[in-house]
Amino acid sequence: MPELAKGFDHAQVDPKWYAFWEEIGAFRADPSSDRPRFSMVLPPPNVTGSLHIGHALNHTLPDIIVRWKRMQGFDVLWLPGTDHAGIATQNVVEKQLAQEGRTRHDLGREAFEARVWDWVRQSKQTITGQMRKLGESVDWSRERFTLDEQLSRAVRREFVTLYRDGLVYRDRYIVNWCPRCRTALSDLEVVHRETAGRLYYLRYPRVDGRGAVTVATTRPETMLGDTAVAVNPDDERYRHLVGVRLRLPVIGRELPVIADAFVDPAFGTGAVKVTPAHDPNDFAMGNRHSLPAVAVIDEDGRMTAQAGPYAGQDRFKARAALVADLERDGLIEKVEEHRHAVGHCERCGTVVEPLVSLQWWVKIAPLAAEAIRAVEEGRIRFVPENWTRTYYEWMTNIHDWCISRQLWWGHRIPAWYCDACGGMIVAEETPAACACGGALRQETDVLDTWFSSGLWPFSTLGWPDATEDLARYYPTSLLITGFDIIFFWVARMIMLGLRFAGDVPFRDVYITALVRDERGQKMSKSKGNVVDPLKIIDDIGADALRFTLASMASPGMDIALSEGRLTGYRQFINKIWNASRFLLMNLGGQTGRPAVPSFDSLALIHRWVLHRVSQVARDVGRALTDYRFDVAASLVYQFFWHEYADWYIEMVKPHLQADEPERGQAVAVLLEVHDRLLRLLHPFIPFVTEEIWQTMPGRAADGLARDGVHRSIALAAFPAYEPAWIDEEAAAAMALLQEVTTAIRTARAERGVPPSRRLTVLIEGADAGQARLLSEGGEYIRRLAGLERLEFAASVPRSPDTVRQVVRQLQIHIPLAGIVDREAEQQRIRKELARLEKQLAGIDARLANADFRERADPDVVQEAERQRGDLGLQHQKLERILAELVG
RNA sequence: GGGCGGUUAGCUCAGUGGUAGAGCACUGGCCUUACACGCCGGCUGUCACAGGUUCGAAUCCUGUACCGCCCACCA
């Protein structure tokens with residue numbers, strides 16, 4: 001006799017089934033299969049990271065889709081892996097070293113890399129273990145890491161090809177430099193933060209001694225590197241000064257006054273100091289006017305020898321010292337408070353220093369043009385679609401991509417320099433020697449992490465080799481990821497996929513929302529409001545967390561994770577568990593799966609529940625097709641709890657106590673429906689459904705088996721819509737039984753009739769069909785409403801001891817001798833009448849409106865008339881009851 | 001400066017043209033042998049504000065207010 005424990009113990013159950021799925025290869029893709037394919041790649045988490053709540057969402061949603069597709073019979077590949085996350089990982093290990101009082105330079109490059117590898121191997125276990133805890137149905141046999149040899153070869157192929165096509169170049173240019181990480185950063189790795197700063201007005205004396213020009217700057221220390229002062233050519237105030245020479249304070253260098261349209265006459269004084277070495281705008285201006293660039297800040301953020309008296313000082317200390325000196329010399333006209341956006345390093349928070357340096361770049365415009373076209377042509381679809389605009393916006397204003405990083409952890413750039421002849425070789429494999437015979441030295445820089453992540457949808461499938469997997473699973477079907485990496489990752493995959501894999505990397509992109517805390521605040525360590533998904537999993541189980549996330553994943557909306565919702569769905573898991581226990585307790589030795597008897601021979605409740613479960617399966621499928629995880633979850637939640645458990649299970653109980661064949665029929669239908677519900681729920685809550693399903697006798701015979709045996713619900717068929725079970729009549733009949741039952745329950749609850757008191761109820765005014773139905777279904781009503789007897793009558797004598805409820809055109813008489821309070825009854829009926837009158841007034845107003853009758857949809861008019869009729873009838877009956885109560 | 005989103009029950013959120021819903025919370029009654037993480041009832045809303053379109057607006061349009069996000073080389 002199969003049995004379930006009293007409570008669902010996720011901590012004990014979940015790992016057991018995950019191990020089982022891996023053991024039977026339930027998630028393994030099969031490229032030789034003749035089934036249609038469905039493929040996704042998992043956005044690779046940072047290898048040294050830990051599963052956070054954002055991952056939980058971004059991994060749960062694709063898992064739902066993938067499990068659903070697998071159950072629908074697709075050959076599914078969901079490919080997992082991790083990202084080496086260059087700068088982030090290097091920083092973590094450098095911090096570890098710092099605690100030992102060492103730097104990476106103490107170790108040297110090789111030893112440092114070895115150290116990072118050690119940490120990575122260990123950390124990878126953590127994150128992949130956490131992914132298993134969440135229940136992710138990925139194909140671990142195809143797990144990849146961006147630094148795998150084959151993926152590294154893909155990166156070299158990418159680099160070399162782009163170089164040969166003239167899309168990768170090396171140039172001295174102004175870059176975002178992090179003095180803490182000591183590396184260049186791409187524009188995307190710089191985060192701008194609104195900061196309270198100061199605007200300093202500095203006086204630059206004219207060389208000819210005829211006064212001075214005042215410039216405004218937020219970064220006075222950069223003045224040491226000024227090589228000009230610029231004004232707008234149309235600015236009347238300054239036109240006469242163009243060409244005049246100024247004397248740079250402290251340094252003494254002569255600066256020309258130049259005219260450049262970039263200068264905004266309305267800002268500051270309308271005269272701008274120009275520091276080509278430390279400001280992107282000034283750099284561009286310097287190029288336009290052939291100005292020298294004087295670097296006064298070095299790669300560590302310290303002042304250079306060019307900074308005169310401040311040489312060697314930290315850039316911020318130098319600022320303070322310089323301001324004090326200028327103040328003393330009367331060269332500061334004024335200082336204003338000024339809020340402005342300051343660039344910070346995304347990874348370490350240090351204020352970014354624009355510096356001129358020699359870096360590798362990707363010429364992006366040609367790649368972007370193709371990527372824009374692919375979306376315009378509809379070859380890629382964003383869901384929700386408003387992200388399309390964001391994508392275009394960025395793609396259109398994109399700048400060349402700085403891909404070199406002065407780090408040690410990452411793909412080393414495959415370029416070699418020959419000191420003998422000054423030549424350079426770019427090649428996929430290490431060249432033996434320079435053509436001139438000189439020794440070669442490899443570029444020390446590594447590539448931006450995203451330069452390799454951008455290949456992920458095809459490098460993981462074997463590219464650049466023409467593998468079976470690549471042919472079968474590329475392009476992938478769908479990508480699900482967060483909006484925060486649309487630019488970093490999604491856009492680059494599109495550009496690189498088109499360029500290298502010959503097609504878009506995915507058809508649909510579902511962009512998930514940001515998970516926030518209960519009050520809608522962004523989670524951050526500093527705010528201390530971070531919700532740890534692993535703790536939630538420990539507390540209430542992965543299933544409850546998954547169901548909550550799915551329920552709250554409405555398109556385009558941020559998710560404020562609420563404790564209340566989590567509790568609610570944990571209780572749902574419990575409900576499922578207990579309903580399953582009930583089922584198993586009532587099998588009475590049933591070991592196989594009995595066939596469902598012919599539909600027409602079934603009792604009403606059985607026809608109704610099959611009708612509904614069929615509809616729900618259809619609706620859930622539709623919702624998932626539209627990526628409406630919230631709608632799908634809510635449909636199955638509502639049905640399971642408030643139709644199947646609240647009504648069907650309650651109504652089926654007497655059938656289970658009955659003799660054969662009634663009992664057998666009930667068992668067969670109950671098993672059928674329960675099985676379907678478990679399968680419907682499985683993509684959302686895989687663990688608990690597997691645990692229950694495994695205890696059920698005679699599992700679904702229509703499943704997909706790997707080896708001819710149905711071993712896991714994960715491989716069973718997703719429930720289908722069954723047209724043969726559609727039975728609107730049964731649905732209508734059930735609705736009436738439910739309404740009558742509820743009316744009686746309400747009447748007794750409102751008057752505090754104890755449940756132990758069995759009542760006799762009379763129903764008046766039923767037509768022939770209703771009378772037949774109500775007497776056939778009388779047993780259910782009696783049971784659910786706590787009645788002794790249920791009787792029908794054409795007319796029932798009035799009695800002051802009787803409470804009357806009106807359901808449609810039926811009057812329900814509930815004799816409650818000694819309980820009925822005439823005053824209270826009158827009040828209740830007046831209240832009910834008032835409610836009806838309000839509704840009637842609304843409908844009457846509409847119906848009285850000729851325009852409404854003319855212009856509204858005829859169906860709507862008809863529906864309004866029907867309602868008007870029903871409500872009018874109810875109103876009449878209640879008025880009569882009231883009159884009798886008063887009289 | 002540009003772009004996007006939000007404002008619905010005490011809380012977290014669904015609802016995109018026919019007169020408002022869910023979960024939690026609250027509340028009354030029940031340990032009715034699947035479930036007290038439960039069962040049966042009940043309460044709760046000028047759908048941010050102001051105009052407009054429409055027979056009809058939470059839903060479409062315009063504007064306002066507040067909240068939030070993204071992008072941005074105005075010092």
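Order of the sequence lines sets the chain letters (A, B, ...), proteins ahead of strands, with each chain counted from 1. Quantities reported herein were computed from a predicted structural model and do not represent experimental measurements.
- At a cut-off of 3.5 angstrom, counting only N and O atoms as typed in the model, there is a donor on one side and an acceptor on the other between the side-chain of A:Glu650 and the base of B:rA34.
- A:Thr217 comes within contact range of the sugar-phosphate backbone alone, with a heavy-atom separation under 4.0 Å but no base atom that close.
- Remark: A:Arg389 fails to qualify as a cation-pi partner of A:Trp394 under the 6.0 Å distance and 45° angle criteria applied to the six-membered ring.
- Residue-level contact check: A:Thr218 touches the backbone only, with heavy atoms under 4.0 Å from sugar-phosphate atoms and none from bases.
- Residue A:Phe487 places its side chain closer to B:rC70 than to any other of B:rC70, B:rG38, B:rA75.
- Using a 4.0 Å heavy-atom distance criterion, A:Ala850 is classed as making no nucleic acid contact.
- Nucleotide B:rG38 has B:rC30 as its partner under the Watson-Crick or G-U criteria, with both atom distances under 3.5 Å.
- Within 4.0 Å (heavy atoms only), A:Thr390 reaches no atom of the nucleic acid at all.
- With both pairing distances under 3.5 Å, B:rU44 is matched to nothing as a Watson-Crick or G-U wobble pair.
- With a 3.5 Å ceiling on both atom-pair distances, the Watson-Crick or G-U wobble partner of B:rC60 is B:rG52.
- In the set B:rU19, B:rG23, B:rA75, the nucleotide with an atom closest to the side chain of A:Arg846 is B:rU19.
- A cation-pi contact, defined as under 6.0 Å to the ring centre and within 45° of the axis, links A:Lys653 to A:Phe582.
- With both pairing distances under 3.5 Å, B:rC11 is matched to B:rG23 as a Watson-Crick or G-U wobble pair.
- Along RNA chain B, the nucleotide closest to A:Lys6 and the one closest to A:His399 are compared, and the more 5′ of them pairs with A:Lys6.
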Exercise for the section: Please report the C-alpha distance between A:His642 and A:Trp647 in whole Å, then the side-chain angles of each, then the deciding distance to 0.1 Å, and finally whether the side-chain contact (heavy atoms from CB on, under 4.5 Å) criterion is met. Expected result: CA-CA 7 Å; A:His642 299 304; A:Trp647 289 98; over 6 Å; no
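- Aromatic ring centroids of A:Phe684 and A:Phe629 lie 6.0 Å or more apart.
- Among the protein residues, A:Ile174 comes within range of no part of the nucleic acid, since none of its heavy atoms lies under 4.0 Å from any strand.
- Comparing atom distances between the A:Lys653 side chain and each of B:rC43, B:rA34, B:rA75 picks out B:rA34 as nearest.
- Using a 4.0 Å heavy-atom distance criterion, A:Arg745 is classed as a sugar-phosphate-only contact.
- Residue A:Ala341 places its side chain closer to B:rA72 than to any other of B:rA72, B:rA34, B:rG18.
- Residue contacts for A:Arg581: at a heavy-atom cut-off of 4.0 Å it reaches the sugar-phosphate backbone alone, with no base atom in range.
- Contacts of A:Thr742 with the nucleic acid, taken as non-hydrogen atoms under 4.0 Å apart, involve only primed sugar atoms and P, OP1 or OP2.
- Across all strands shown, A:Arg748 has no heavy atoms under 4.0 Å from either base or sugar-phosphate atoms.
- Residue A:Arg219 forms a side-chain contact (heavy atoms from CB on, under 4.5 Å) with just one option from A:Glu353, A:Lys273, A:Arg198, and that option is A:Glu353.
- Nucleotide B:rC66: paired with B:rG6 (Watson-Crick or G-U wobble, both distances less than 3.5 Å).
- The OH-P distance, from A:Tyr637 to B:rC13, rounds to 17 Å in whole Å.
- The partner of B:rG1 is B:rC71, judged by Watson-Crick or G-U wobble contacts that both fall below 3.5 Å.
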